[in-house]
Amino acid sequence: MVELGRVERYLLEGLRRHPLHLTLVDPEKTGGRKAGELCRRAERAGTSAIMVGGSTVCSTALVDETVRAIKKEVELPVILFPNNLSGISRYADAIFFMSLLNSSNPYFLIDAQALGAPLVREYGLEVLPMGYLILGPGGTAGFVGQARHLPLEKAELAAAYALAAQYLGMHFVYLEAGSGASAPVPPQTISAVRRCVDLPLIVGGGIRTGEDAGRAARAGADLVVTGTVVEEGRAEEKIGEMVEALRKVRRGKGR
Ligand code: 1GP
């Protein structure tokens, strides 16, 4: 038996109370020192962990610098959200070890993971196995990851993929609309997935307000990710608003 690591236990513990907010930092947009400052504000506003990654990240040196800057400023766990091998930093606490379930390219399903696995082990990163599903056009992530178009409203398809991720032994499922998406994953799709899977459900892409975050959580999202809105400034105010909305959401029976 593999024991759950520290970061996973921390997230599950937090989820017993209410859905959580995660702040995504893209090293190519707010890397280095700027990331440290931004995360300090995010921590003050009540975010629960920091994710570091971006669809086009190609410099591990930049990821390293960003993670180190964040670790200097905050106590929160830093979780890698890698686009490729370049997204693996030895300085993080954990890594979403993820497979892009609807990619048409086996590289993003299993090959990148196989190439990166020895490094993840060498660095001693905590592994958080995650099934990643890009819905709708998916923005840059959809293009780079060669995701087959899965319409946002095709709830039963999303639910089937998410259930497959659970049966394959993943610990998390992520429904992604793409960074900066004009519309987030619809609540009907989130709730269809929620009815099928017991795993912690991560939802992100296009969530900009407390209202958006609350709506996603009421539909069944456990972890709500925001990047763009935090990068645009007013991080504390925006995250505060979302955290407040999430704290009001009652957990369903048995969750
Ligand atoms: C992208 O889901 C995340 O991977 C965050 O999206 O930048 O739209 O908040 P936003």
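From a predicted model like this one, the values you see are computed outputs, not experimental measurements. In each ligand, atom 1 is the first atom listed, and ligand 1 is the first ligand listed.
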**Request:** Begin with the C-alpha distance, continue with both residues' side-chain angles, and end with the deciding distance and a verdict on salt bridge (Lys or Arg N to Asp or Glu O under 4.0 Å) for K248 and E244.
**Result:** CA-CA 7 Å; K248 284 187 190 141; E244 198 188 320; 3.6 Å; yes
**Request:** Step by step, work out the salt bridge (Lys or Arg N to Asp or Glu O under 4.0 Å) result for R68 and E65.
**Result:** CA-CA 5 Å; R68 294 180 79 177; E65 189 195 338; over 6 Å; no
**Request:** Run the numbers on F81 and Y174 for ring pair (Phe, Tyr, Trp, His ring centres under 6.0 Å), then give the verdict.
**Result:** CA-CA 11 Å; F81 180 49; Y174 192 140; 5.3 Å; yes
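Contact analysis leaves V229 out of contact with ligand 1, as no non-hydrogen atom separation drops below 4.0 angstrom. Between G205 and ligand 1 there is a heavy-atom distance shorter than 4.0 Å.
Nearest protein neighbour of atom 10 (P) of ligand 1, counting heavy atoms only, is T228 OG1, 3.5 Å. Nearest protein neighbour of atom 9 (O) of ligand 1, counting heavy atoms only, is G227 N, 2.8 Å.
Looking at ligand 1, you won't find any N or O of L24 less than 3.5 Å from one of its N or O atoms. Annotation: G180 places an N or O atom under 3.5 Å from an N or O atom of ligand 1; distance criterion only. Polar contact with ligand 1: present for G206 (N/O pair, distance under 3.5 Å). Between E176 and ligand 1, an N or O atom pair is found at a separation short of 3.5 Å. The shortest N/O to N/O separation between Y174 and ligand 1 falls below 3.5 Å.
R17 CZ to L246 CG: the interatomic distance, rounded to the nearest 0.5 Å, is 13.0 Å.
Between F96 and F172, the angle of the ring planes goes over 60°, which puts this pair in the perpendicular group of the 30/60° scheme.
In this view, D111 and P106, Y107 satisfy the side chain to side chain contact (heavy atoms under 4.5 Å, CB included) rule, not counting sequence neighbours. With sequence neighbours excluded, no residue forms a salt bridge (charged side-chain N to carboxylate O under 4.0 Å, His left out) with E28.
Of all atoms in ligand 1, numbered sequentially from 1 with element shown, those under 4.0 Å from a heavy atom of G204 are 2 (O).
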